**Student:** 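I'd like to ask you about the structure that follows.
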Amino acid sequence: MMSDGQPRPSAATGQIIVSGLTKQYKNVRAVDNLSFTVEPGRVTGFLGPNGAGKTTTLRMLLNLVTPTAGTATIGGHRYADLTDPLRTVGAVLEASSAHKGRTGINHLRVICAAAGLPKERADEALALVGLSPAAKRKFKGYSLGMKQRLGIAAAMLGNPQVLILDEPANGLDPEGIRWMRGFLKGLAAEGRTVLVSSHLLSEMQLLADDVVIIAAGKLVRQGPVEQVMGSMTHGARVRVRTPQADELAAALREQSATVDADPHGALLVGGVDAPTVGRVALAAKVELHELTTERPDLEGVFLELTAGKAEIR
Ligand SMILES: Nc1ncnc2c1ncn2[C@@H]1O[C@H](COP(=O)(O)OP(=O)(O)OP(=O)(O)O)[C@@H](O)[C@H]1O
């Protein structure tokens, strides 16, 4: 509790609060009065087209760039004021770089020594990311995926409550992406705060619980993935296959539904839900061969929400 009697999140809760955050470079307002929160125990996808201001925001959060205005706090504290930053926040901002001739394990041991962490943490962190078999191989022989894992191992050395990753899926093959997804979901399930930036919306749909969408430095939308998708103007459509397409289309249009034909002969019905389509079909004695609800994917949501704001700056 603070002296004014208001409860205040401790660093251990790991809630991230970005408030009125702004960064003005000479000619570019990279981040523009941005406010959002990131909750512990969830994976939050930080989404935006190229140049939207994601990296600048994350760098301000980690005290690597000084904001022009506004604040960013982790568990109620600015990064610069954290008493033990490595044990509070782990960050992976770009693919890990390390001394080429150094082995993976030695790279981590050097960081442990510099940070005052016990050297056993190097072995533990390497095991955590599945790199133990390559512990004694030199960094220059690591694949991009192995370098990404080593970067994550380095971020995990202090066993932090909060993990922040900038475009971690960049350059990974499908197996690497699958591994990353499972790993980050596992950290969130342990109650940690996981903030991941990406422009790969399809990936975020599989990974994120919440999304924060920005474009041109400004907040476009934030909320649970499902809710953001549900807020789409075009909503879900129902896909129907029937040998009596004309009859069903006529019956549905009487219910004010919109009906389009897809190239494969199915009907795409908007404005009514699947049970309604089923009831209308039954009443019209129309035989159904397929009845599926098609949800808009995040890619479509994203394009719609950021349209016109994603100009190259
Ligand atoms: N140091 C800098 N000086 C001037 N402009 C900058 C600087 N850093 C970033 N910018 C500009 O700020 C804007 C936001 O850049 P930022 O890298 O934060 O976006 P991003 O969302 O991370 O994009 P990307 O996905 O392409 O990395 C861009 O227009 C960029 O050119």
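Owing to the predicted nature of the structure, the values given are computational and were not obtained by experimental measurement. Ligands are counted one by one from 1 in listed order, and the atoms in each one are counted from 1 as well.
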**Student:** Does an N or O anywhere in A30 fall below 3.5 Å from an N or O of ligand 1?
**Tutor:** no
**Student:** Of T56, V28, T55, which has the heavy atom at the shortest distance from atom 27 (O) of ligand 1?
**Tutor:** T55
**Student:** Treat each ILVMFWY residue as a node, draw an edge where side-chain heavy atoms are under 4.5 Å apart, and state whether Y25 and L58 are in one component.
**Tutor:** yes
**Student:** Would you say T292's side chain and E290's backbone share a donor-acceptor pair under 3.5 angstrom?
**Tutor:** no
**Student:** Within the structure, is a non-hydrogen atom of G53 found at a distance of less than 4.0 Å from ligand 1?
**Tutor:** yes
**Student:** When the ring planes of F183 and W179 are compared, do they come out parallel, tilted or perpendicular, using 30° and 60° as the limits?
**Tutor:** parallel
**Student:** Heavy-atom contacts under 4.0 Å between E167 and ligand 1: side chain, backbone, both, or neither?
**Tutor:** side chain
**Student:** For the pair T242 (side chain) and L288 (backbone), establish whether a donor and an acceptor sit closer than 3.5 Å, ignoring hydrogens and angles.
**Tutor:** no
